[in-house]
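Read through the structure below, which is laid out as structure tokens, and then see the notes.
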Amino acid sequence: QVQVVESGGGSVQAGGSLRLSCAVSGYRWNSYCIGWFRQVPGKEREGVAAIGGDDSTFYIGSVRGRFSVSRDSAKKTVYLQMNNLQPEDTAMYFCAFSSRVHNIQNMPGNVFFEAWGQGTQVTVSS
């Protein structure tokens with residue numbers, strides 16, 4: 001059974017950086033999609049960025065140019081580098097695993113993901 005675990009959240013001031021990690025276990029191949037989502041209380045979960053099985057990437061407009069997704073296949077870990085963080089980036093961040101999404105042109109919907117992590121909190125103060 002596939003499991004994903006996020007880490008790396010924390011509190012930073014506006015303009016700071018954090019790197020989130022998503023460790024994958026229980027899947028023997030290196031071609032898989034990881035989506036990064038975030039949620040604040042009272043709002044719907046929002047897809048932020050994703051990396052496809054072919055390493056294609058997608059970012060929503062509000063984070064494009066500030067966030068970057070990368071993969072370390074040897075460690076079976078996907079990273080979300082977040083630079084120039086702003087208070088509006090404050091949220092619980094989740095990663096999600098999909099064995100079905102290879103090439104991505106847009107943010108895959110929730111239904112495509114088979115496993116979700118528990119989340120890691122990111123708080124950005126002004």
Side-chain angles (χ1 to χ4, degrees):
Q1 183 175 352
V2 176
Q3 291 186 319
V4 290
V5 178
E6 309 93 338
S7 60
S11 297
V12 296
Q13 290 191 327
S17 298
L18 285 172
R19 188 178 76 161
L20 305 185
S21 298
C22 177
V24 179
S25 61
Y27 192 70
R28 63 184 297 181
W29 293 280
N30 283 324
S31 178
Y32 51 86
C33 171
I34 292 292
W36 287 98
F37 296 79
R38 64 187 180 189
Q39 189 170 24
V40 297
K43 291 190 176 182
E44 290 190 1
R45 189 172 296 187
E46 175 187 42
V48 174
I51 183 167
D54 65 351
D55 287 342
S56 54
T57 56
F58 174 81
Y59 305 91
I60 59 171
S62 61
V63 307
R64 193 171 295 131
R66 300 189 297 123
F67 290 14
S68 177
V69 182
S70 62
R71 185 198 308 272
D72 184 330
S73 294
K75 295 183 178 179
K76 274 195 160 53
T77 299
V78 170
Y79 302 99
L80 181 66
Q81 178 68 43
M82 306 185 295
N83 297 327
N84 191 21
L85 282 160
Q86 300 300 314
E88 53 265 35
D89 296 316
T90 294
M92 182 72 77
Y93 282 72
F94 301 86
C95 68
F97 169 94
S98 173
S99 63
R100 296 177 285 171
V101 178
H102 190 64
N103 177 262
I104 56 174
Q105 302 292 323
N106 293 291
M107 186 70 199
N110 292 1
V111 296
F112 290 98
F113 294 95
E114 303 146 49
W116 292 79
Q118 294 299 307
T120 185
Q121 178 68 35
V122 172
T123 303
V124 185
S125 58
S126 57

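All values below were derived from every heavy atom in this structure, side-chain atoms included, with hydrogens, water molecules and symmetry-related copies excluded. Numbers here simply count residues along the sequence, with the first being 1.
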**Prompt:** Is there side-chain contact between Ile34 and Val24, with at least one heavy-atom pair below 4.5 Å?
**Reply:** yes
**Item:** Connected via hydrophobic side-chain network under 4.5 Å: Val2 and Phe94
**Value:** yes
**Prompt:** Judged by modelled atom types alone, do Asn83 and Ser17 share a side-chain donor-acceptor pair under 3.5 Å?
**Reply:** yes
**Prompt:** Does NZ or CZ of Arg100 lie under 6.0 Å from the centre of the six-membered ring of Phe112, at an angle within 45° of the ring axis?
**Reply:** no
**Arg64 and Phe58, any side-chain heavy atoms less than 4.5 Å apart** = yes
**Message:** Aromatic contact between Trp36 and Phe67, with the criterion being ring centroids under 6.0 Å apart: yes or no?
**Reply:** no
**Asked** Is there side-chain contact between Asp89 and Arg66, with at least one heavy-atom pair below 4.5 Å?
**Response** yes
**Message:** Between Glu6 and Cys95 (side chain of the first, backbone of the second, donor and acceptor by atom type, cut-off under 3.5 Å), is there such a pair?
**Reply:** yes
**Prompt:** Are side-chain heavy atoms of His102 and Ser31 found at a separation under 4.5 Å?
**Reply:** yes
**Spatial distance of atom CG (Asp72) from atom OG (Ser21) [nearest 0.5 Å]** = 9.5 Å
**Request:** Look up atom CG in Leu18 and atom OG in Ser11, then write down how far apart they are to the nearest 0.5 Å.
**Result:** 8.5 Å
**Request:** Could you pull out the closest heavy-atom pair between Val124 and Thr90, with the gap in Å?
**Result:** N-OG1, 2.9 Å
**Message:** So which atom in Ser99 and which in Glu114 form the shortest heavy-atom distance, rounded to 0.1 Å?
**Reply:** N-OE2, 2.6 Å
**Fill in**
Between Cys33 and Phe113 the two heavy atoms that sit nearest each other are SG-CE2, 4.0 Å
**Request:** Ignoring hydrogens and angles, tell me if any N or O in the side chain of Ser56 forms a donor-acceptor pair with the backbone of Asn103 under 3.5 Å.
**Result:** no
**Request:** For residues Phe97 and Tyr27, establish whether the separation of their ring centroids is below 6.0 Å.
**Result:** yes
**Message:** Assess the residue pair Ser70 and Gln81 against the criterion (side-chain hydrogen bond (donor to acceptor under 3.5 Å, both in side chains)); give the C-alpha distance rounded to whole Å, side-chain angles, the decisive distance to 0.1 Å, and a yes or no.
**Reply:** CA-CA 8 Å; Ser70 62; Gln81 178 68 43; over 6 Å; no
**Heavy-atom pair with the smallest gap, counting every atom of Leu80 and Ala49** = CD1-CB, 4.2 Å
**Prompt:** Distance from Tyr79 atom OH to Ser7 atom OG, nearest 0.5 Å?
**Reply:** 8.5 Å
**Complete:** Minimal heavy-atom distance between Gln86 and Ala14, with the atoms involved, is OE1-CB, 4.3 Å
**Prompt:** Which atom pair, heavy atoms only, marks the closest approach of Tyr59 to Ser68?
**Reply:** OH-CA, 3.4 Å
**Message:** Ring of Tyr32, cation from Arg71 - is the NZ or CZ under 6.0 Å from the centre and inside 45° of the axis?
**Reply:** yes
**Prompt:** Would you say Leu20 and Val122 make side-chain contact, with heavy atoms under 4.5 Å?
**Reply:** yes
**Message:** Around atom CD of Gln121, are there more than 12 heavy atoms from other residues, nucleotides or ligands closer than 6.0 Å?
**Reply:** yes
**Asked** Can you tell me how far the OG atom of Ser73 sits from the CG atom of Asp55, to the nearest 0.5 Å?
**Response** 6.5 Å
**Item:** Ring-face cation of Arg38 near Tyr93 (centre distance under 6.0 Å, axis angle within 45°)
**Value:** no
